[in-house]
Peer 1: 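Sharing a structure below in structure tokens format, with a few things to ask.
Chain letters run A, B, ... following the sequence lines, proteins first and then strands; every chain starts at 1.
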2 protein chains.
Amino acid sequence: MRTVDPVKHAAKKRHITDTAAGLFAEKGFDRTTVADICKAADISTGSLFHYFPTKRAIFREIFEQDGKDNAEILARAGELSPWDGVLMVIDHLCVPALDRSVAGLVLEVVAQASRDPELWELVARNEQAVRDELAVLLQRAHDAGQIKLPVSARTAATWAQGLVDGLYGRLVDPDFDATAQVSTLRLILSRFVGAQAP
Amino acid sequence: MRTVDPVKHAAKKRHITDTAAGLFAEKGFDRTTVADICKAADISTGSLFHYFPTKRAIFREIFEQDGKDNAEILARAGELSPWDGVLMVIDHLCVPALDRSVAGLVLEVVAQASRDPELWELVARNEQAVRDELAVLLQRAHDAGQIKLPVSARTAATWAQGLVDGLYGRLVDPDFDATAQVSTLRLILSRFVGAQAP
DNA sequence: GTCTATACTTGGATAGAC
DNA sequence: GTCTATCCAAGTATAGAC
């Protein structure tokens with residue numbers, strides 16, 4: 001008979017990652033201390049290190065969850081008409097941008113990933129999966145005559161992601177209205193790949 | 001009679017910022033220690049703090065220099081035909097992306113700026129100047145019939161910057177060839193604003 | 001002006017009682 | 001499993017000799 005309740009264990013881990021995510025987004029990874037997290041989560045350091053071996057491990061856990069969410073969306077996009085699928089994936093990628101507090105986290109993960117190989121691998125695999133699926137959808141849309149690609153499907157997919165990055169980059173400007181700009185993003189992408197005006 | 005030679009003083013400051021910039025790009029701001037900088041620049045900590053009050057001040061100095069370079073380019077762009085001016089500014093913004101080591105520095109400044117008000121002000125002023133000039137050039141190009149803007153000149157200018165951000169975001173992918181992709185960036189922008197294919 | 005040595009602070013992680 | 005107390009390392013910045 002096990003003494004640990006796996007459900008409770010997972011719930012507590014989740015509580016810690018959720019709390020930490022807010023702090024990382026606000027102050028950045030390096031400037032958020034373990035003490036900060038413990039205080040916010042209302043636990044002791046001893047307890048925190050019972051659940052996670054290091055501070056970095058907490059950070060990684062946050063993005064592992066994110067990868068699983070993504071995979072689900074990609075699967076659903078494959079069921080639509082190709083171009084609609086592309087737009088759906090793009091819309092989904094833009095969702096976090098609409099929540100101000102999440103934006104800081106995205107900037108942080110990019111900055112950290114280039115120096116943390118394990119985190120990098122996680123992020124890269126995730127981006128790769130999105131890019132591959134976008135490339136497939138774009139090629140299909142092209143073959144079906146919905147769009148007319150001026151570059152390879154792969155390059156187009158890369159730039160679709162680049163446009164989303166551009167959206168995130170602009171978020172640091174307090175005057176930038178992300179919600180309104182998502183439609184401009186769609187317009188730019190549509191014109192790029194020769195789709196009908198949306 | 002002054003005991004300090006202002007030329008030598010400036011040269012030494014420059015030596016420190018150049019050395020530090022390389023380290024910041026490679027390891028990030030927070031993970032680069034003052035000791036690291038001193039070792040690489042071959043000076044002592046005492047000496048370093050004679051030239052800069054804090055570590056952050058070194059970081060800021062790097063980007064102050066950058067702002068001055070930018071202002072010069074913007075002035076020259078105003079002398080060309082409007083659309084050529086736009087393309088020249090964009091090309092200039094892309095130059096740092098071609099140097100791998102500088103890319104890390106760009107990611108770092110974005111991550112840091114949201115938490116350092118003084119640095120933020122520096123970066124924001126710089127971006128604002130670029131955006132204003134781009135908006136003016138785009139509007140003139142539109143009025144001259146070189147392009148046909150589907151959105152306000154200001155929004156278009158913002159997205160021109162967003163595209164450049166997208167380029168930087170893709171740099172973390174080791175397979176991404178920045179040099180080749182600058183032309184794709186120009187294609188996307190051209191189609192967006194209804195310019196002749198370049 | 002530049003160095004060496006070091007004071008002072010903070011932070012990540014651990015030990016051991018309960 | 002959770003806490004308190006604490007260790008040890010690293011980091012910024014300063015003091016004071018030269």
Side-chain angles (χ1 to χ4, degrees), chain A residues 1-62 108 111-112 115-119, chain B residues 1-62 108 111-112 115-119:
Chain A
M1 193 186 192
R2 291 310 217 64
T3 55
V4 292
D5 178 344
V7 176
K8 266 190 120 173
H9 186 84
K12 191 115 191 188
K13 281 190 88 167
R14 186 60 187 254
H15 173 61
I16 294 171
T17 51
D18 284 354
T19 308
L23 292 169
F24 290 150
E26 185 190 339
K27 312 186 355 168
F29 177 78
D30 290 299
R31 304 175 79 83
T32 299
T33 71
V34 171
D36 288 338
I37 300 170
C38 292
K39 199 173 160 189
D42 204 34
I43 54 168
S44 66
T45 62
S47 190
L48 183 143
F49 282 106
H50 174 72
Y51 290 95
F52 295 96
T54 65
K55 191 174 83 158
R56 299 200 83 79
I58 303 174
F59 194 65
R60 284 193 206 111
E61 182 98 347
I62 295 169
E108 198 59 27
Q112 293 292 330
R115 288 154 210 135
D116 177 344
E118 279 192 61
L119 179 61
Chain B
M1 195 185 189
R2 290 312 216 66
T3 54
V4 292
D5 178 343
V7 175
K8 263 189 124 173
H9 187 83
K12 191 115 192 192
K13 283 190 86 166
R14 187 58 189 254
H15 173 60
I16 294 171
T17 52
D18 284 354
T19 307
L23 293 170
F24 290 149
E26 185 190 338
K27 313 192 344 173
F29 177 78
D30 289 300
R31 304 175 80 84
T32 298
T33 71
V34 172
D36 288 338
I37 301 170
C38 292
K39 200 172 158 190
D42 203 35
I43 54 169
S44 67
T45 61
S47 188
L48 183 143
F49 282 107
H50 174 72
Y51 290 94
F52 294 95
T54 66
K55 191 173 81 158
R56 297 202 85 80
I58 304 174
F59 195 66
R60 287 195 204 109
E61 181 99 347
I62 295 169
E108 198 58 27
Q112 292 294 328
R115 291 155 207 132
D116 177 344
E118 280 193 63
L119 180 61

Peer 1: Please check if atom NZ in B:Lys13 has more than 12 non-hydrogen atoms from other residues, nucleotides or ligands closer than 6.0 Å.
Peer 2: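 Check passes, neighbour count above 12.
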Peer 1: Where is the tightest heavy-atom contact between A:Glu108 and B:Ala111, given as atom of each residue plus distance?
Peer 2: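 The pair with the smallest heavy-atom distance is OE1-CB, 4.4 Å.
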Peer 1: Detail all sub-3.5 Å separations between protein N/O atoms and N/O atoms belonging to nucleotides 5-8 of chain C.
Peer 2:
unit_1 : atom_1 : unit_2  : atom_2 : d
C:dA5  : N6     : B:Thr45 : OG1    : 3.4

Peer 1: In whole Å, I'd like the distance from the NE2 atom of A:His15 to the P atom of D:dT2.
Peer 2: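 Rounding to the nearest Å, NE2 of A:His15 and P of D:dT2 are 11 Å apart.
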Peer 1: Measure from CD1 on B:Ile16 to P on C:dT2 and round the result to the nearest Å.
Peer 2: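 B:Ile16 atom CD1 is separated from C:dT2 atom P by 9 Å.
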Peer 1: Determine the contact category for A:Ser44: base if any of its heavy atoms lies under 4.0 Å from a base atom, sugar-phosphate if only primed atoms, P, OP1 or OP2 are that close, otherwise nothing.
Peer 2: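 Contact class for A:Ser44: base.
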Peer 1: Sequence neighbours excluded, which residues qualify as ring-ring contact (aromatic ring centres under 6.0 Å, His included) partners of A:Phe59?
Peer 2: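 If we apply the ring-ring contact (aromatic ring centres under 6.0 Å, His included) test to A:Phe59, skipping adjacent residues, the hits are A:Phe24, A:Phe29, A:Phe63.
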Peer 1: Are the side chains of A:Ile43 and A:Tyr51 in contact, using a 4.5 Å heavy-atom criterion?
Peer 2: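 When only atoms from C-beta onward are counted, A:Ile43 and A:Tyr51 do not touch, as no gap falls below 4.5 Å.
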Peer 1: What is the separation between atom NZ on B:Lys39 and atom C1' on C:dC3, rounded to the nearest whole Å?
Peer 2: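 About 18 Å, once rounded to whole Å.
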Peer 1: CG of A:Asp30 versus P of D:dA10: gap in Å, rounded?
Peer 2: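 Nearest whole value for this atom pair: 16 Å.
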Peer 1: Look at the side-chain N and O atoms of B:His50 and state whether any lies under 4.0 Å from the OP1 or OP2 oxygen of D:dA13.
Peer 2: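 Indeed not, no polar side-chain atom of B:His50 lies that close.
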Peer 1: Does some side-chain heavy atom of A:Leu48 sit less than 4.5 Å from a side-chain heavy atom of A:Lys55?
Peer 2: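 They are not in contact (no side-chain heavy atoms under 4.5 Å apart), so the answer is no.
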Peer 1: Does B:Lys12 place a side-chain N or O at less than 4.0 Å from the phosphate oxygens OP1/OP2 of C:dT2?
Peer 2: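 It does, given that an N or O in the side chain of B:Lys12 lies less than 4.0 Å from OP1 or OP2 of C:dT2.
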Peer 1: Of the nucleotides D:dG11, D:dT14, C:dG12, which one has an atom closest to the side chain of A:Phe49?
Peer 2: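 It is C:dG12.
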Peer 1: Hey, does A:Glu61 have a side-chain heavy atom less than 4.5 Å from the side chain of A:Ile16?
Peer 2: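 When only atoms from C-beta onward are counted, A:Glu61 and A:Ile16 do not touch, as no gap falls below 4.5 Å.
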Peer 1: Of B:Tyr51 and A:Phe29, whose closest DNA chain C nucleotide lies nearer the 5' terminus?
Peer 2: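 The 5'-side residue here is B:Tyr51.
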Peer 1: Does C:dC3 have OP1 or OP2 under 4.0 Å away from a side-chain N or O of B:Ser47?
Peer 2: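 For C:dC3, OP1 or OP2 has a side-chain N or O of B:Ser47 closer than 4.0 Å.
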